[in-house]
Amino acid sequence: MGDTRVRDDRARLPDGGDPIAVFAARVLDVLADRSRRTSSTLRPDLVLALAEGMVTPDGERVEETLAAFRRACISPAAMADAYIPAAAQYLGSDWVTDRLSFAEVTIATARLQALVRAIGTRWGGDPAHLPGRRSVLMIVPGSEQHTLGAVVVTGQMRRMGLSVCLRLGPQRAEVIELLRSRTFDAAMLSVGHGERFEVCAALVDTLRGSGARGMPIVAGGAGVAGRSDVVARTGADHVTQDLGEALTFCGCAPLLPVGAAVPAKISLRG
C-alpha cells in the first residue's frame, strides 16, 4: 500500500488565525458537494479574485472571495483542479509584466499551494477497502521551484482512487530508503525546467536501481513541453503532460471518476 503522506512541513497550515487556513476550512464547509462544475465553466473574475486574495490575504477578502465561489456553485475539486492553477498562471503573468514583484508572486503561489493541500486533506487517505488500489510515487526533483503542479496532480490522482506518495526535492538516500520499504506501481517526475534534466537523469537511475523491476517512469510538467529529447536526456520511459495518458501508460487505471481537468491555457485579459 502506498504512502499518501506529504513530507514538506513548509506547506502545512497553522490551525488558527491564518487567513488561508480559514479560507480552506470555509471552502470545505460551504462549497463541498454543491456543484460538479468543471474547468469548462472557468470564470476569469473568480480567477482574478482568488489570485488577488493570495497577494494580500485578510479575513474580509477571504469571505468576499468565498461568497463569489459559493454563488457560482464551484466545488472544492474544481477550485483545486482549475481555479488554483489558473490563479497561479495569472500571478505569473503579473510578474512578467512587472505588476507584481518576484517576492509577491512567490509568496502568493506558496499560499495557493498551501490552499490546495488544505482542500485536499479529504483526498489524502489510503483506505484499504478499495480493491486493486494502485500506487504512484510522484517526485519533484531537487532544486525545482515549481511544485504547485505536482501537488494539484497528486490531488487529482487521489480522488481517482490511487494511492500517491508525494516527495518534493528528496535526497537520493531518502528515495532509496523509500523504495526499499515500499513498492510502487509507477513513478512520475514533475519537471518545471529543462535545466533540471541532469538531476532527473540521476533520479531515474536511482529509481531503476532501487525500485521494483519494470516499474514505469513517466516525466511530465512544464519543462517537457515541446521537447523531443526528454526521454534521451532523462532515461524516463515516457513523456507527457496529459495525466490520463500517463496513467494509461503506467497501467494505473483510476478506480473512481476523474475530477475537473486543469485548463491548458486561459485568457484573462483583453
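Every value quoted in this text rests on a predicted model; they were computed, and no experiment measured them.
- Residues in residues 213-227 take part in these salt bridge (Lys or Arg N to Asp or Glu O under 4.0 Å) pairs, two or more places apart or across chains: Arg227-Asp229.
- Between Met157 and Val164 the shortest heavy-atom distance is CB-CG2, 3.7 Å.
- Atom CD of Glu245 has more than 12 heavy atoms from other residues, nucleotides or ligands within 6.0 Å.
- Under 4.0 Å is where a charged nitrogen must lie from a carboxylate oxygen, and between Asp205 and Arg172 no such pair does.
- Between the side chain of Asp185 and the backbone N or O of Ser135, at least one donor-acceptor pair lies under 3.5 Å.
- Gly235 and Val204 make their closest contact through O-CG1, 3.6 Å (heavy atoms, listed as atom of the first residue, atom of the second, distance).
- Thr240 and Asp242 get closest at one heavy-atom pair: OG1-N, 2.9 Å.
- For the pair Thr109 (side chain) and Thr106 (backbone), a donor-acceptor distance under 3.5 Å is absent.
- A 4.5 Å side-chain heavy-atom check between Val191 and Thr234 finds every atom pair outside the cut-off.
- The shortest side-chain heavy-atom distance between Val55 and Leu91 falls under the 4.5 Å cut-off.
- Atom CZ in Arg233 sits 10.5 Å away from atom OG in Ser228 (nearest 0.5 Å).
- In terms of heavy atoms, Ala80 sits closest to Val116 at CB-CG2, 3.7 Å.
- With a 4.5 Å cut-off on side-chain heavy atoms, Leu50 and Leu112 count as touching.
- Contact of the Ile74 side chain with the Arg43 side chain is not registered, since no non-hydrogen atoms from C-beta on lie closer than 4.5 Å.
- Taking the six-membered ring where the residue is Trp, Tyr83 and Phe69 present perpendicular rings, their angle passing 60° and hence far from 30°.
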